Amino acid sequence: MIPTTYAATLLLMVISMLCWGSWANTMKMAGRWRFELYYFDYVLGVMLSATVAAFTFGSMEMVLPGSDQVLFPFLDNLAVTGKRQIALAAAGGVVFNLANLLLVAAISVAGLAVAFPVGIGLALIIGAVLNFIINPAGRPALVFGGVALVVLAIVMTAAAYAALSRQRAAEKPPEAPPEPGRRGKPRARKASPWKGIGLSLAAGVLMGLFYPLVEMSKQGDLGLGPYAAAFCFAVGVLVSTPVFNLFFMNLPVEGDAVSFRDYLAGTARQHALGVLGGIIWSVGTISNFVAASAPKTVNVGPAVSYAMGQGATLVSTLWGLLLWKEFAGANTGVKARIWLMLVLYAAGLGLLSIAPLYR
């Protein structure tokens with residue numbers, strides 16, 4: 001229910017990182033299924049797993065070792081806590097939901113080369129700093145040193161993607177000139193990168209703000225426990241999805257508008273993949289919230305927990321390399337950047353993992 005050793009706490013953070021970095025595979029497995037339609041099933045998976053966790057693990061009363069603090073069962077926790085705490089956790093879900101939709105939209109416009117380095121990198125910096133201010137845990141030099149290395153790894157990822165894009169553009173054969181007497185195809189306008197950059201920046205700012213809201217909902221003797229916070233967070237995601245997603249469906253950042261008729265036309269496999277993606281992400285989120293709520297003797301703090309969770313970028317990069325072959329045919333320079341990124345990420349996560357041991 002709640003980890004009582006540092007090893008168990010660290011294991012939960014690793015689970016969080018793996019889940020946050022793996023859920024998007026289900027979206028790629030769905031094929032040409034639009035992200036706006038996928039997202040409805042994804043949210044159902046988030047709500048389902050948060051509810052199951054709340055009525056199982058979250059419904060057991062527990063006294064934290066080394067303190068008199070009691071973690072109330074889920075329903076009792078909701079009854080005794082303040083409305084402000086519930087509102088903060090739900091607001092965290094609303095903020096995350098908009099950030100996640102903006103990030104997916106940025107990927108569809110500008111690709112991973114812009115969206116992930118800009119969005120997740122900015123979120124990591126904002127989230128780690130704010131969480132450390134709210135609830136400092138661990139030696140600051142190790143925490144912020146680890147964050148700096150992870151940010152460098154993200155920048156290196158961007159450099160690798162940019163180099164790969166230039167390589168593939170150079171290898172692309174030139175278009176044949178039009179035959180005499182025939183007009184050639186109109187040249188496509190080059191898409192401006194500013195839309196993707198703007199979406200990524202907005203996603204990064206919001207992604208960095210949602211976790212501090214959840215952390216504030218857990219403050220105080222009658223604050224929310226991790227399972228109750230995850231449930232209220234999921235409710236915020238569920239309630240805000242029709243509002244946000246209808247906007248993207250009617251005013252898409254790329255392609256034609258879609259409707260609920262398109263959603264109903266999806267196959268059972270596509271819907272199941274969306275639900276599975278939401279469950280995987282939610283398991284990672286609950287693990288993260290629980291790790292950040294461990295007793296003080298083994299607590300890693302929200303800054304370390306959030307920053308290690310954002311190491312999911314490393315996991316998603318490995319999926320792209322090994323499963324989706326996104327760097328197939330890359331030259332030596334691109335591969336060197338990727339390996340350097342992996343080393344920087346591993347070093348950064350190593351510093352973050354040992355920071356709580358040197359308080």
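Since this is a predicted model, take the numbers as computed values, not measurements.
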Side-chain polar contacts of residues 40-47 - donor-acceptor pairs under 3.5 angstrom, sequence neighbours left out - could you list them?
from	atom 1	to	atom 2	distance (Å)
D41	OD1	Y263	OH	2.6
D41	OD1	H271	ND1	3.4
D41	OD2	H271	ND1	2.7

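- For T285 (side chain) and S16 (main-chain N/O), no donor-acceptor pair under 3.5 Å exists by modelled atom type.
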Side chains of residues 203-211: which donor-acceptor partners sit under 3.5 Å, not counting sequence neighbours?
from	atom 1	to	atom 2	distance (Å)
Y211	OH	N288	OD1	2.4

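- A single hydrophobic cluster is seen to contain both L75 and V235, as judged by linkage of ILVMFWY side chains at heavy-atom distances under 4.5 Å, directly or through other members.
- Aromatic pair F144/F132: centroids less than 6.0 angstrom apart.
- Qualifying side-chain contact (heavy atoms from CB on, under 4.5 Å) partners for A229, counting only residues two or more places apart in sequence or in other chains: V214, S217, K218, L224.
- In this view, L142 and R139, L351, I354, A355, Y358 satisfy the side-chain contact (heavy atoms from CB on, under 4.5 Å) rule, not counting sequence neighbours.
- Remark: F244 CZ is packed, more than 12 non-hydrogen atoms of other residues, nucleotides or ligands lying under 6.0 Å away.
- Aromatic ring orientation, W23 versus Y38: parallel (interplanar angle below 30°, classes split at 30° and 60°).
- Remark: F247 pairs with L251 by the side-chain contact (heavy atoms from CB on, under 4.5 Å) rule, at least two apart or across chains.
- For residues 76-96, there are no salt bridge (charged side-chain N to carboxylate O under 4.0 Å, His left out) pairs, not counting sequence neighbours.
- The aromatic rings of F233 and W281 sit parallel, their planes meeting at an angle under 30°, below the 60° perpendicular limit.
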